[in-house]
A.B. asks: 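Provided herewith is a single structure, encoded as structure tokens, for subsequent inquiry.
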Amino acid sequence: MAYTDEEKKEHISEIQRYLRTISQINGNIPLILPTGVYDDATSEAVRAFQKEYGLPVTGTVDRATWDLLFEAYLAAEEYFTESAAIMPFPDCSYSINEGTESNTVFILQAMLNTIAEFYANVDSIDVNGVYGKNTTDAIKNMQTVTGEKCTGNVDYKTWNKLARLYNYHAMLSAAECEKKQAEKEEKSRSA
């Protein structure tokens, strides 16, 4: 059976995806887009990979390069998928209220500010680790929005709702940044 152009394009795209993933944890590998075309940018990324991993620097993917590329890709994927969650909220009986000063309050305020970027009715607050009136008001506002009892205090339930909302918007922000970076790279290649 003949090696079709479509199969060749798929294999090149796979190499490019592997290189792109590896480049996200190894800044010595140029960030490239998976286009399915073995262009100069792909050849440069392969050469950088070969140099970085002690292979003969040819810019082409032979068996040794492929094997090490796949191994490095799996390691990079593991790095991204096995991120451990941090659990700064002490336990389900804990409550944060006005007057509390802690690193947990600092994290809470940072989450609130990220959420505020996406909602017109949520104001940004100072991130200082002190649970003052502005933080209390922001929490009351969020409790109203999420349908909770409006206490101004952060219990385990409020924390989890805020964390889910924060994670959702943080992932959207990361995806948007990656999209903008890819567009910028495409423009620079086109120029």
Side-chain angles (χ1 to χ4, degrees), residues 16-34 45 52 70-188:
Q16 292 167 327
R17 281 194 315 276
Y18 290 176
L19 288 165
R20 184 174 178 81
T21 300
I22 295 164
S23 72
Q24 293 176 18
I25 62 169
N26 185 334
N28 295 326
I29 311 297
L31 186 64
I32 61 172
L33 291 174
E52 188 73 12
F70 185 68
E71 185 180 316
Y73 166 76
L74 290 178
E77 278 290 297
E78 185 176 320
Y79 173 83
F80 289 116
T81 57
E82 291 194 11
S83 297
I86 58 169
M87 302 296 283
F89 203 83
D91 62 52
C92 60
S93 64
Y94 187 73
S95 179
I96 304 172
N97 48 33
E98 200 164 319
T100 303
E101 293 184 37
S102 69
N103 289 333
T104 304
V105 173
F106 187 86
I107 294 167
L108 172 69
Q109 291 167 331
M111 286 193 309
L112 285 168
N113 281 347
T114 297
I115 293 166
E117 293 175 25
F118 297 91
Y119 297 95
N121 61 339
V122 178
D123 295 326
S124 293
I125 58 173
D126 289 336
V127 179
N128 57 16
V130 178
Y131 199 107
K133 181 171 178 5
N134 289 341
T135 305
T136 301
D137 291 344
I139 290 298
K140 284 181 180 178
N141 190 20
M142 290 305 301
Q143 287 171 326
T144 300
V145 168
T146 60
E148 290 183 71
K149 185 176 177 185
C150 189
T151 64
N153 298 331
V154 177
D155 60 8
Y156 197 70
K157 183 178 175 183
T158 301
W159 178 273
N160 284 340
K161 283 189 176 187
L162 288 172
R164 282 189 204 96
L165 199 54
Y166 168 81
N167 286 337
Y168 173 75
H169 289 295
M171 286 189 314
L172 286 180
S173 293
E176 184 63 28
C177 286
E178 188 171 315
K179 180 181 174 187
K180 286 179 182 177
Q181 179 66 28
E183 289 170 356
K184 182 180 174 183
E185 290 171 14
E186 186 63 32
K187 282 182 184 177
S188 69

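Along the sequence shown, the residues carry numbers beginning at 1.
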A.B. asks: Taking ring pair (Phe, Tyr, Trp, His ring centres under 6.0 Å) as the definition, give me every residue that meets it alongside Tyr156, ordered by chain and number, with sequence neighbours left out.
C.D. replies: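 For Tyr156, the residues satisfying ring pair (Phe, Tyr, Trp, His ring centres under 6.0 Å) (neighbours in sequence not counted) are Phe89.
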
A.B. asks: Rounded to the nearest 0.5 Å, what separation is found between the CG atom of Asn28 and the CD1 atom of Ile22?
C.D. replies: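 Those atoms lie 12.5 Å apart.
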
A.B. asks: Just jot down the ring pair (Phe, Tyr, Trp, His ring centres under 6.0 Å) partners of Tyr131, sequence neighbours excluded, or say none.
C.D. replies: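 Tyr131 satisfies ring pair (Phe, Tyr, Trp, His ring centres under 6.0 Å) with no residue once adjacent residues are dropped.
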
A.B. asks: Return the set of residues passing side-chain hydrogen bond (donor to acceptor under 3.5 Å, both in side chains) with Asn103 (not counting sequence neighbours), or none when no residue passes.
C.D. replies: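 None.
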
A.B. asks: Does the side chain of Trp159 come within less than 4.5 Å of Met111's, by heavy atoms?
C.D. replies: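 Yes - at least one pair of side-chain heavy atoms lies under 4.5 Å apart.
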
A.B. asks: Got a second to check how far Thr114's OG1 is from Tyr166's OH, nearest 0.5 Å?
C.D. replies: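 Here the rounded value is 4.5 Å.
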
A.B. asks: What is the distance from atom CD of Glu148 to atom CD1 of Ile139, rounded to the nearest 0.5 Å?
C.D. replies: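 Reported value, rounded in 0.5 Å steps: 9.0 Å.
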
A.B. asks: Short question: side chain of Gln109, backbone of Val130 - any donor-acceptor pair under 3.5 Å?
C.D. replies: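 Yes; at least one donor-acceptor contact below 3.5 Å.
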
A.B. asks: Within the distance-only criterion (no hydrogens, no angle test), does the side chain of Asn167 pair as donor or acceptor with the backbone N or O of Ala163 below 3.5 angstrom?
C.D. replies: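 Yes, the answer is positive, given that a donor and an acceptor are paired below the 3.5 Å cut-off.
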
A.B. asks: Please determine, by modelled atom types, if Asn97 and Ser95 share a side-chain donor-acceptor pair under 3.5 angstrom.
C.D. replies: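 Asn97 vs Ser95: no donor-acceptor pair found between side chains.
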
A.B. asks: Does the side chain of Met142 come within less than 4.5 Å of Leu165's, by heavy atoms?
C.D. replies: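 They are in side-chain contact.
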
A.B. asks: To the closest 0.5 Å, what do you measure between OG1 (Thr136) and CG (Asn141)?
C.D. replies: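 Atom-to-atom, Thr136:OG1 and Asn141:CG are 12.5 Å apart.
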
A.B. asks: Between Thr158 and Asp155, does a side-chain hydrogen bond (donor to acceptor under 3.5 Å, both in side chains) hold up when you go through it step by step?
C.D. replies: CA-CA 5 Å; Thr158 301; Asp155 60 8; 3.0 Å; yes

A.B. asks: Which heavy atom of Ile29 sits nearest a heavy atom of Ala45, and at what distance?
C.D. replies: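 For Ile29 versus Ala45, the nearest heavy atoms are CG2-O, 4.2 Å.
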
A.B. asks: Rounded to the nearest 0.5 Å, what separates atom CD1 in Ile115 from atom CZ in Arg164?
C.D. replies: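 The CZ atom of Arg164 is 12.0 Å from CD1 of Ile115, to the nearest 0.5 Å.
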
A.B. asks: Is Ile107 close to Thr104 at the side-chain level, that is, under 4.5 Å between some pair of heavy atoms?
C.D. replies: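 No - every pair of side-chain heavy atoms lies 4.5 Å or more apart.
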
A.B. asks: Quick one: pull up CG in Leu19 and CD in Gln16 and give me the separation to the nearest 0.5 Å.
C.D. replies: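 The distance works out to 8.0 Å.
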
A.B. asks: Sub-3.5 Å donor-acceptor pair from the side chain of Asn113 to the main-chain atoms of Ile125, do we have one?
C.D. replies: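 Yes.
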
A.B. asks: Taking Thr151's backbone N and O only, do any of them form a donor-acceptor pair with Gln143's side chain (distance below 3.5 Å, no angle check)?
C.D. replies: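 Judged by distance alone, yes, a pair lies under 3.5 Å.
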
